[in-house]
Structure formats: C-alpha cells, structure tokens
Amino acid sequence: MRLQPSRRRFIQGLMSIIALSAIPLQLLARSTKAFQATALETVYKELFGDLPVEESADIMLEIPDIAENGAVVPVSVTTRIAGAEAIYVVIDMNPNPLSATFKLTPASPADISIRVKMGKSSMVRALVKTADKVYMTAKEVKVTIGGCGG
Amino acid sequence: MHKARLICVVGALMLTSACGQSEPEPESVDALPEATAAVVIDQARAAYELARQKQHAWTLTADLIESASIALANNDEAQALVDAKRALFTANASLAQAEKEQHAWRSRVAQ
Amino acid sequence: MEARKVKMRGKIKNTVAQIKVLMEHPMETGTRRDEAGDVIPAHFIQEVICQHNDQVVLSVEWGTSISKNPYFAFKINDANPGDVVKVSWTDNLGETSAGDITLK
Amino acid sequence: MKISLGIMLTLVLTLGSICSVHADPESDRLAFVRFYTERFPNIDIQAHQDGAYALDAAKREQWLEMEEFPPYELAVDEGEALFALAFKNGNNYAGCFDNAGVGVKQQFPMFDAVSNQVVTLELAINQCRQANQEPELAYLSDEMAYITAYMAFTSRGNTFAISVPQAGVAAYEQGKQFFYERRGKLDFDCSSCHMTNAGNNLRAEVLSASVGHATHWPTYRFKWEQVGGLHKRFVECNEQVGAEGLAPQSEAYRNLEYFLTYMNNGMALNGPASRK
C-alpha cells in the first residue's frame with residue numbers, strides 16, 4: 001500500500017533531476033559568496049560589483065512593522081521598474097544578510113512572496129536589479145522576543 | 001492598537017515573577033541546623049514526591065534537588081545543603097499550596 | 001527515500017496565474033544545537049526553479065534564513081487553463097524534489 | 001387518572017434528573033461565556049476560537065496570511081494516509097468511529113460510562129488500536145498528531161455539544177477544579193492568565209480567552225515546529241507558571257479537557273490551527 005506513493009515520488013524525483021539537468025547553466029550559478037557574506041557591503045559587492053544602489057519608491061516591500069513571530073515573517077516584493085532582472089531580499093541583522101534572490105524572466109511578473117526567519121529587529125531590504133542599475137527600498141521590522149517561552 | 005501593544009502593569013508584574021530568577025528565601029526551613037545535606041535532600045525528595053502525587057509539584061523543586069545532589073556528589077557539602085534547604089522549602093510551599101487550593105479554587109469560578 | 005512533498009495551488013486571473021507553493025523541508029540554518037548540544041548541520045533549499053509548460057520562468061536562490069517548510073508565491077504571465085506549472089528544488093545536500101499543477 | 005398521575009410523576013422525575021445532571025455544567029458555561037462577552041463586548045464569542053488572534057488586529061493579519069498555506073497542511077495529508085492504512089487484521093480506524101471517523105472530532109471528549117472515564121480522541125484512537133491488536137501510539141508522537149489533525153480537518157465547522165451525564169459530573173468537576181487551582185512557583189491558575197488578564201499583554205504576547213481554547217486542536221505551533229495536541233499545551237502552560245506538567249492523557253488532563261470543551265459548547269470546531 002505504502003510502496004506505491006513512494007515509488008511515484010521516486011520517479012517524480014528522478015524526473016525533476018532530469019528536468020533540472022536540462023536547465024541552462026548560467027541560471028544555476030549560485031551566488032554562494034553573496035549568501036555567505038556576513039556584512040551588507042560584502043553582499044552588495046558580490047551581487048552588484050561597483051554598481052551604485054539607489055533608493056526607489058517603485059519597489060513595494062510588504063512586511064509587518066512588528067513581526068508576530070520571528071521564525072516566520074511574511075515578505076512580499078513587487079516592482080514596476082521596467083527591465084527588472086532580479087529581486088533580492090536582504091535582512092541586515094541576520095548572520096548572513098542575503099536571504100533570497102529571484103531571477104526574473106519576461107514570463108514572470110515581478111511579484112513574489114516568501115516567509116523568512118529573523119533573529120532580531122532589523123532593516124529589511126528589497127533590491128531590484130536592471131541591466132545597469134540597482135534600486136532599493138527598506139523597512140525597519142521589529143521582532144518581539146517571545147515572552148517567557150511564550 | 002498602540003495601546004494594546006503597551007505592556008500592562010499586570011503583564012509586567014507577571015513577567016517579572018515569571019522570568020526572574022528570584023527564589024523563595026529558605027528561612028523557615030524545617031531541617032535541624034545539624035542536618036546533613038544528604039538528610040535534607042531526602043526530606044525534600046519525600047515532600048516533592050508527595051506534592052507530585054497531589055499534582056502540585058514545582059519545577060523549581062526538582063531543579064534544586066538535582067543541583068543539591070550534584071553538589072553532594074562533588075563533595076560540596078555546603079552548596080548541597082544550601083540547595084537542599086531551598087528544595088525542601090519549595091517542596092513544602094508546594095504542599096501548602098495544594099492544601100490551600102483544595103478550597104480556594106471555588107472563589108474563582110466565573111459566576 | 002521518499003521525496004519531500006511540494007504542495008501547490010494556482011489560480012488564473014486575467015491571464016496572470018498566482019501560484020502558491022508549500023515545500024516540506026527542515027531548513028536548518030546550521031547554527032542550532034540539538035538537545036545533546038551538538039550543532040545540527042545546515043540543511044536548506046538552495047535553488048528553486050519554476051517552469052511554465054517546461055519553460056523556466058523564474059529561478060530562485062535561497063540562503064538559510066527562509067522559514068521551515070518554505071512558503072513561496074509568484075506569478076506567471078500568459079497563463080491558460082490546462083497549462084502545467086512545475087516547481088523543483090535542490091538543497092545543499094543535493095536532495096531534490098518537485099511538484100506540479102495543471103491550471104484550471 | 002392513575003395513568004396520568006404516573007406520567008406526571010415520570011415527567012417530574014425526568015425533569016428533576018435533567019436539572020440535577022445538567023444544571024451545574026450548563027450554568028457554569030453560561031457564566032463563563034458571560035464573563036467573556038462582558039470583558040470583550042465587541043467580540044463575538046465564536047471569534048475566540050482564534051485565540052489571541054481574535055484580540056489583536058495586527059497579529060491576526062499576519063496569521064491570516066499564514067493560513068493561506070498553513071503549516072499544518074502537510075500534517076493533514078500525512079494523517080489522511082495514516083488513517084486509511086489497514087491494521088494487520090485488515091480492519092482500520094474507520095471501523096472504530098461513527099461515520100467511519102469522518103467529521104466526528106467534535107464528539108470528543110466524551111464520558112464513557114462503561115470505563116467510567118473521559119475518553120478523548122487520542123484515547124479513542126489508542127483504544128481502537130488496542131482492539132485491533134496494534135501497539136498504542138505515544139501521545140506526543142507525530143503519528144498521533146497527524147491522525148488527529150486529519151480527523152479535526154474533516155470535522156471543521158461542526159459544533160461542540162459535549163454532554164455531562166450524571167456519571168461524568170465528578171470528572172467534569174475535577175476538570176473545573178484543575179482549571180481554577182493555582183499551581184507552580186508563580187501561584188497561577190488557568191484563569192489568572194486567560195480570564196483575569198485575557199486580552200492583556202504579557203510582554204509581546206496577547207493572552208487569549210479560555211472560551212475557544214479547546215476548539216482548534218491539534219495545533220501547529222511555530223515554537224514546537226510541529227503539530228501537537230492540547231495536552232502538550234497543558235504541559236507547557238503548567239511549566240510556564242513553574243508547575244510540573246502531568247503526563248499527556250493522564251486522567252487529570254482528560255478531565256480538564258472535558259471541562260474546557262464543555263465551556264466551548266455551541267462553538268464550531270476549527271482545528272487543526274496554527275499558533276505562534
């Protein structure tokens with residue numbers, strides 16, 4: 001009885017490996033150094049080289065002012081910046097500030113939601129990269145300490 | 001909504017007692033002055049077991065019995081005695097609580 | 001070993017599909033300790049690939065700060081009923097899994 | 001004449017026994033509900049099934065966002081598969097419950113006059129396993145959490161109508177006493193936090209109302225990072241006031257669940273749920 005679903009899942013897993021191997025390599029080149037960076041400047045340097053980061057009102061970063069639960073903080077990012085190639089989510093005070101990168105294609109509108117972990121109150125940044133520019137918007141998020149084990 | 005986020009006095013008071021490390025002062029300990037740590041640990045353990053049976057044991061008592069036992073095992077008689085007396089005090093307090101609550105709970109029932 | 005679950009939901013609104021995904025994964029940061037005090041090794045999803053009828057539409061990289069059992073929502077342009085949307089992930093230990101849905 | 005007198009007598013006796021059986025728990029419940037409607041005049045009593053999220057709009061908003069794809073979904077799926085598995089003797093869980101176990105969680109806990117005890121869903125699951133020569137599940141096991149999560153999911157929206165027969169009054173009263181008895185170093189009872197201070201903040205947390213405390217189990221707690229039952233929460237509550245927790249599904253906890261669930265009569269089941 002139980003074998004069948006697991007077999008199906010195994011095949012699914014196999015198929016996903018086959019599917020993954022067909023994906024162009026440059027899409028899979030992981031920004032390992034940027035994810036391992038511990039300082040915001042290093043993250044910027046690894047992701048954007050010398051491109052300046054400028055603030056923009058055209059990035060909508062939706063995140064609660066006070067996080068109900070630091071283990072699951074909902075984050076949504078949308079942008080109307082033309083030619084957006086990628087979205088980045090950065091949490092300054094986390095041990096490794098870079099949380100996520102999303103490489104966009106014309107087939108996908110720049111509109112993503114995730115849930116992140118936040119160890120403590122921090123500035124949270126959403127960045128959007130175009131061919132030659134980097135835009136950023138930021139929001140301060142307070143993470144409350146969970147009472148007496150509350 | 002901001003008002004709701006304020007820590008109310010009651011909450012703060014509850015928290016102080018919830019998170020604080022303060023323990024009851026072991027002043028009124030029954031143990032005789034010459035009692036050894038081992039004896040007091042046994043007394044504490046007996047009182048604690050009784051409190052457990054009454055479903056009124058405190059976590060603090062178990063912690064103190066354990067630290068007293070560890071101190072005793074390390075030949076630290078003085079520390080073991082201090083912890084054992086605290087353990088006995090809290091065990092007796094939990095028994096007193098169990099006794100009092102047999103009746104006291106009724107006054108709190110929503111009317 | 002059974003592949004971990006990838007649950008998906010999708011809805012088309014004015015040719016744009018909203019896709020929601022829940023992935024079963026511990027997302028260990030590598031900084032937590034177990035009860036014995038030993039460090040729990042990092043184990044987290046690094047890559048997520050989103051495909052629309054086999055066309056890669058979004059490729060995602062994650063660090064360790066994505067919540068346990070990650071939730072991820074995104075959108076797809078020019079979606080039609082019958083289209084297949086697939087999400088596959090790979091974690092730092094080389095484990096993979098995938099899920100798909102057919103849009104209605 | 002004789003007959004009508006007989007009927008009269010029977011009626012009076014029946015009425016009398018109904019009153020003596022039901023008057024106390026029901027007047028307790030009405031007083032309980034009244035307490036919360038007076039304390040929170042703008043909150044519908046049913047809304048308390050969402051705990052602190054009924055009392056704090058900002059927290060509720062984030063929680064609702066989480067509920068879009070809630071963390072217990074995976075547990076419900078697991079539970080559905082486990083529930084359908086056949087025992088070695090060919091039977092399955094469905095054979096142990098009304099309506100093949102679908103949509104029945106609101107029947108629990110119930111007082112079983114034969115074994116003279118409160119039977120929770122968890123206990124009934126293990127009784128079912130025992131009756132089918134299967135080993136009992138540990139009460140804190142994932143398997144127990146998953147199966148109850150699935151059974152709760154199929155019971156959503158069903159209304160609690162727990163009854164306290166004459167034989168169950170003692171268990172109910174013991175549960176009530178446990179609720180109002182102070183415990184631990186902090187000398188708190190359940191009502192200290194969830195009645196006297198319901199709606200107040202304990203640091204960043206909002207203390208929930210007790211009415212609705214039993215509607216939404218099992219619950220995925222982010223702190224636990226898993227789905228767990230009501231008794232796991234009881235242990236935690238006891239420990240938070242410095243009292244030693246009791247064994248899950250111990251008689252005292254089952255009686256407490258009986259009292260708490262009776263207080264939720266008329267409310268809808270909304271488990272499994274997610275909490276911080």
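Every heavy atom of this structure was used, including side-chain atoms; hydrogens, water molecules and symmetry mates were not. Only a predicted model underlies this, so the values are computations on that prediction, with no experimental measurement involved. Convention: sequence-line order gives letters A, B, ...; per-chain numbering from 1.
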*B:Trp105 and D:Tyr180: which non-hydrogen atoms are nearest, and at how many Å?*
CB-O, 3.5 Å
*Greatest number of heavy atom pairs closer than 4.5 Å to chain B - which of D:Arg34, D:Lys176, D:Arg182*: D:Arg182
*Take atom CD of D:Glu136 as the centre, draw a 6.0 Å sphere, and report whether it contains more than 12 heavy atoms from other residues, nucleotides or ligands.*
yes
_What's the separation between atom CD in D:Glu181 and atom NE2 in B:His56, rounded to the nearest 0.5 Å?_
3.5 Å
*Please report the C-alpha distance between D:Glu244 and B:Tyr48 in whole Å, then the side-chain angles of each, then the deciding distance to 0.1 Å, and finally whether the side chain to side chain donor-acceptor pair (under 3.5 Å) criterion is met.*
CA-CA 11 Å; D:Glu244 238 170 51; B:Tyr48 166 72; 2.3 Å; yes
_Does any backbone or side-chain atom of B:Gln111 lie under 4.5 Å from a heavy atom of chain D? Answer side chain, backbone, both or neither._
backbone
_Option that, when pairs with chain B are counted at under 4.5 Å, heavy atom only, ranks first among D:Gly242, D:Ala31, D:Ala243_ = D:Gly242
*Region of D:Phe179 in contact with chain B, defined by heavy-atom distances below 4.5 Å*: neither
*Is the CD atom of B:Glu99 crowded by more than 12 outside heavy atoms at less than 6.0 Å?*
no
*Please confirm whether the backbone N or O of B:Gln55 pairs with a side-chain atom of D:Arg183, one donor and one acceptor, at under 3.5 Å?*
yes
*Is atom CD of D:Glu61 surrounded by more than 12 heavy atoms (other residues, nucleotides or ligands) closer than 6.0 Å?*
no
_Could you check whether atom CD of D:Glu251 has more than 12 heavy atoms from other residues, nucleotides or ligands sitting under 6.0 Å from it?_
no
*Side chain from CB out, backbone as N, CA, C, O: work out which of these in B:Ala104 comes under 4.5 Å of a heavy atom of chain D, or both, or neither.*
neither
*Single hit among B:Arg106, B:Gln102, B:Glu101 for side-chain contact (heavy atoms from CB on, under 4.5 Å) with D:Gln177*: B:Gln102
*Check the pair D:Asp187, B:Gln97 against side chain to side chain contact (heavy atoms under 4.5 Å, CB included), reporting the backbone distance first and the verdict last.*
CA-CA 8 Å; D:Asp187 201 34; B:Gln97 181 188 53; 2.7 Å; yes
*To the nearest 0.5 Å, how far apart are NZ in D:Lys185 and OG1 in B:Thr90?*
9.5 Å
